[in-house]
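Before any comments, here is the structure.
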Amino acid sequence: DAKTTQPTSMDCAEGRAANLPCNHSTISGNEYVYWYRQIHSQGPQYIIHGLKNNETNEMASLIITEDRKSSTLILPHATLRDTAVYYCIVSSYSGAGSYQLTFGKGTKLSVIP
Amino acid sequence: NAGVTQTPKFQVLKTGQSMTLQCAQDMNHNSMYWYRQDPGMGLRLIYYSASEGTTDKGEVPNGYNVSRLNKREFSLRLESAAPSQTSVYFCASSANYADGGLQFFGPGTRLTVL
């Protein structure tokens with residue numbers, strides 16, 4: 001699976017949009033981009049995923065560049081409860097072997113009052 | 001729905017002791033996973049079960065065994081605990097192995113081995 005690069009930490013003012021970047025320059029054609037977050041020491045929570053097109057759900061939007069080498073997770077109106085570590089993961093189902101989600105160190109997002 | 005549940009929430013063991021971590025899901029998912037997370041690190045896959053009756057090794061399987069008891073339950077056993085196994089253990093499930101990117105996680109078991 002392709003590796004990802006994320007900033008170690010970011011701050012965002014409460015009520016503003018939080019834009020979390022991720023680089024995945026070695027992504028292959030069948031690999032999806034997944035975003036998870038982990039609040040404090042809880043289990044990771046799925047946020048959103050996409051292949052080529054931009055995606056939006058009730059939690060966030062995912063913008064994937066045309067060359068698919070980077071993406072941005074957007075939390076449109078960040079709240080204090082969005083303070084968490086955000087993980088960008090690229091992965092695909094190969095049809096055999098382990099379907100492994102490789103969690104790096106992620107981005108620690110701090111939402112400031 | 002409770003989602004994914006794990007027991008116990010906390011456990012302290014002495015070196016050499018054994019224990020089993022329990023995981024259950026009520027979402028009728030086919031695939032289940034066990035991860036460990038060391039302080040300040042991301043999660044690493046220990047074992048997974050793509051479907052009932054099958055189990056396979058992940059990235060860090062040494063020192064662990066698993067049992068897929070039925071479709072709902074997937075247990076992780078430490079036969080002889082070592083301090084290096086001090087970690088937080090997360091169980092997860094996905095609808096199918098092909099949907100394995102979309103996983104639902106339990107709250108974790110915090111294990112300390114002295």
Side-chain angles (χ1 to χ4, degrees), chain A residues 1-9 22 24 27-28 30-52 55 57-60 62 64 71 73 84-108, chain B residues 2-7 9-10 21 23 25 27 29-51 54-61 66 87-112:
Chain A
D1 293 335
K3 291 185 177 179
T4 62
T5 303
Q6 299 178 252
T8 302
S9 63
C22 179
H24 31 79
I27 192 170
S28 60
N30 63 344
E31 287 185 311
Y32 285 78
V33 179
Y34 293 88
W35 283 85
Y36 281 76
R37 72 181 182 183
Q38 189 171 24
I39 297 173
H40 195 44
S41 298
Q42 299 174 20
Q45 177 189 24
Y46 165 82
I47 301 172
I48 199 167
H49 75 284
L51 183 64
K52 296 181 182 178
E55 302 287 345
N57 63 21
E58 64 278 4
M59 289 183 67
L62 174 60
I64 303 175
S71 61
L73 177 75
V85 177
Y86 288 77
Y87 299 98
C88 170
I89 302 164
V90 294
S91 191
S92 65
Y93 175 54
S94 65
S98 168
Y99 193 137
Q100 181 169 335
L101 291 181
T102 301
F103 287 79
K105 295 188 177 181
T107 296
K108 168 67 174 173
Chain B
V4 179
T5 57
Q6 294 183 235
T7 56
K9 287 185 170 56
F10 301 92
L21 283 64
C23 174
Q25 52 89 12
M27 296 174 283
H29 283 173
N30 288 307
S31 303
M32 298 185 73
Y33 312 80
W34 275 106
Y35 292 86
R36 62 177 286 174
Q37 184 175 32
D38 298 330
M41 305 293 289
L43 281 71
R44 292 183 292 171
L45 183 67
I46 304 172
Y47 270 94
Y48 67 100
S49 171
S51 61
T54 69
T55 60
D56 283 287
K57 296 177 180 179
E59 180 186 356
V60 288
V66 290
S87 191
V88 181
Y89 291 85
F90 291 102
C91 177
S93 69
S94 64
N96 293 291
Y97 197 57
D99 298 321
L102 208 171
Q103 297 182 15
F104 295 83
F105 285 81
T109 293
R110 283 144 186 82
L111 175 67
T112 301

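Throughout, protein chains are lettered first and strands after them, A, B, ... in sequence-line order, and every chain is numbered starting at 1.
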Inset, instruction - Measure the spacing between CG of B:Leu102 and CD1 of A:Ile47 and express it to the nearest 0.5 Å. - result: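 Between B:Leu102 CG and A:Ile47 CD1, I get 11.5 Å after rounding to 0.5 Å.
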Legend entry - Approximate separation, where rounding is to 0.5 Å, of A:Phe103 CZ and B:Leu45 CG: 10.0 Å
Legend entry - Stepwise side-chain contact (heavy atoms from CB on, under 4.5 Å) test for B:Tyr33 and A:Leu101: CA-CA 10 Å; B:Tyr33 312 80; A:Leu101 291 181; over 6 Å; no
Legend entry - Heavy-atom pair with the smallest gap, counting every atom of B:Phe90 and A:Gln38: CZ-NE2, 3.6 Å
Legend entry - Best-contacting candidate, A:Pro44, A:Gly106, A:Gly104, A:Gly43, against chain B by heavy atom pairs under 4.5 angstrom: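 Ranked by contacts with chain B, first place is A:Pro44.
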Inset, instruction - Against chain A, label B:Gln37 side chain, backbone, both or neither, depending on which of its atoms sit under 4.5 Å from a heavy atom there. - result: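 The answer is the side chain of B:Gln37.
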Legend entry - Contact class of B:Arg110 relative to chain A, heavy atoms under 4.5 angstrom: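 Contact with chain A involves the side chain of B:Arg110 alone.
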Legend entry - Choice from B:Val88, B:Leu43, B:Val4, B:Asp56 maximising heavy atom contacts with chain A below 4.5 Å: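 Max contact count across the listed options: B:Leu43.
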